[in-house]
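Being a predicted model, the structure only gives us computed values, none of them experimental. All values below were derived from every heavy atom in this structure, side-chain atoms included, with hydrogens, water molecules and symmetry-related copies excluded.
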Amino acid sequence: MRIGKLRKVVWLLMADWERWIYNFIYKHDIAKGVIISHRATLDKGVPGIHIGKGTWILARVCILNHDVCRGLSNQTYIGKHCVIGVNSLIMPGLQIGNQVVVGGYCY
């Protein structure tokens, strides 16, 4: 029982540390209480990803906010209390409302 609680505390501390890195180093706007899987990828090239509180970003999700091929750079917004499913791809300029579940795919 103790190992399970310790694992949860360590996981939450790592999630909070990762949120801090995205906010202060990469200049994104990630609200407190957002859980981002360590296997998810957020665009680090250009600031402009906004994620509301209580949102979960699951494994192998890719969130983009710029497209080099088209020379496009847009803000990407994800609302509060959302779940972005496994293997989802969020394209630049997309706006997702509050309490939305984005289904991923499995292969």
Side-chain angles (χ1 to χ4, degrees):
M1 192 69 147
R2 285 184 160 164
I3 293 176
K5 288 182 181 182
L6 179 63
R7 181 183 302 159
K8 183 176 181 179
V9 168
V10 169
W11 192 78
L12 289 173
L13 285 173
M14 288 177 59
D16 212 27
W17 172 252
E18 190 169 17
R19 183 184 63 81
W20 184 88
I21 289 172
Y22 282 122
N23 281 340
F24 293 104
I25 294 177
Y26 299 113
K27 307 297 184 205
H28 295 309
D29 178 26
I30 313 294
K32 197 165 187 136
V34 172
I35 303 295
I36 300 174
S37 170
H38 70 280
R39 296 186 68 194
T41 303
L42 273 65
D43 196 344
K44 297 174 178 85
V46 178
I49 295 176
H50 308 276
I51 302 176
K53 69 177 183 175
T55 296
W56 286 26
I57 310 294
L58 302 181
R60 296 184 303 275
V61 169
C62 183
I63 301 175
L64 304 173
N65 67 333
H66 82 285
D67 184 354
V68 176
C69 297
R70 296 185 292 168
L72 179 70
S73 179
N74 285 333
Q75 304 288 313
T76 303
Y77 294 91
I78 299 174
K80 300 175 184 175
H81 305 290
C82 295
V83 176
I84 309 298
V86 176
N87 293 327
S88 295
L89 174 63
I90 307 299
M91 297 298 290
L94 190 66
Q95 294 185 5
I96 298 173
N98 296 331
Q99 300 176 352
V100 174
V101 176
V102 175
Y105 64 92
C106 295
Y107 49 84

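With contacts defined as side-chain heavy-atom distances shorter than 4.5 Å, the pair Leu12/Ile35 qualifies. For the pair Val61 and Val102, the minimum side-chain heavy-atom distance is 4.5 Å or more. Proximity of Leu42 to Ile51: side-chain heavy atoms (C-beta onward) are separated by under 4.5 Å at one or more points. Contact annotation: the side chain of Lys32 never approaches that of Lys53 to less than 4.5 Å [non-hydrogen atoms, C-beta and beyond]. Residues Ile78 and Ile63 meet the side-chain proximity criterion, which asks for heavy atoms closer than 4.5 Å. Taking 4.5 Å as the limit, some side-chain heavy atom of Trp17 sits within range of a side-chain heavy atom of Ile21.
The NE2 atom of His81 lies 7.5 Å from the OG1 atom of Thr55; values are rounded to the nearest 0.5 Å. Going from atom CD1 of Ile49 over to atom CG of Asn23 covers 11.0 Å, rounded to the nearest 0.5 Å. Distance check: Leu89 CG to Leu64 CG gives 5.5 Å after rounding to the nearest 0.5 Å. Taken to the nearest 0.5 Å, the CD1 atom of Ile57 stands 7.5 Å off from the CD1 atom of Ile30.
One hydrophobic cluster, built from ILVMFWY side chains closer than 4.5 Å, holds both Trp11 and Val83. In this structure, Ile84 is not a member of the same hydrophobic cluster as Val101, with clusters built from ILVMFWY side-chain heavy atoms closer than 4.5 Å. Both Val34 and Ile90 belong to a single network of hydrophobic side chains, linked directly or stepwise wherever heavy atoms of I, L, V, M, F, W or Y lie under 4.5 Å apart. Connection of Met14 to Ile36 is not established within any shared hydrophobic cluster, with ILVMFWY side chains joined at heavy-atom distances below 4.5 Å, either directly or through further cluster members.
Listed by chain and residue number, Arg19 satisfy the side-chain hydrogen bond (donor to acceptor under 3.5 Å, both in side chains) test with Asp16 (two or more places apart in sequence, or in another chain). Partners of Gln75 according to the side-chain hydrogen bond (donor to acceptor under 3.5 Å, both in side chains) rule, which considers only residues two or more places apart in sequence or in another chain, are His50. In this view, His28 satisfies the side-chain hydrogen bond (donor to acceptor under 3.5 Å, both in side chains) rule with no residue, not counting sequence neighbours.
No donor-acceptor pair under 3.5 Å is formed between the side chain of Asn98 and the backbone N or O of Gly79. No donor-acceptor pair closer than 3.5 Å links the side chain of Thr76 to the backbone N or O of Gly48.
Heavy-atom contacts from other residues, nucleotides or ligands closer than 6.0 Å to NZ of Lys44 number more than 12.
The two residues Gly104 and Ser88 make their nearest non-hydrogen contact at CA-OG, 3.5 Å. Pairing each heavy atom of Ile96 with each of Cys82, the nearest pair is CG2-SG, 4.3 Å. Of all heavy-atom pairs spanning Tyr22 and Ala40, the tightest one is OH-O, 4.3 Å. Between His66 and Gly45 the shortest heavy-atom distance is CE1-CA, 4.1 Å. In this structure, Ala31 and Gly52 approach most closely via the heavy-atom pair CB-C, 3.7 Å. When all heavy atoms are compared, the tightest approach of Val46 to Asn65 is O-ND2, 2.6 Å.
Classified by interplanar angle (parallel below 30°, tilted 30° to 60°, perpendicular above 60°), the ring pair Trp20/Phe24 is tilted.
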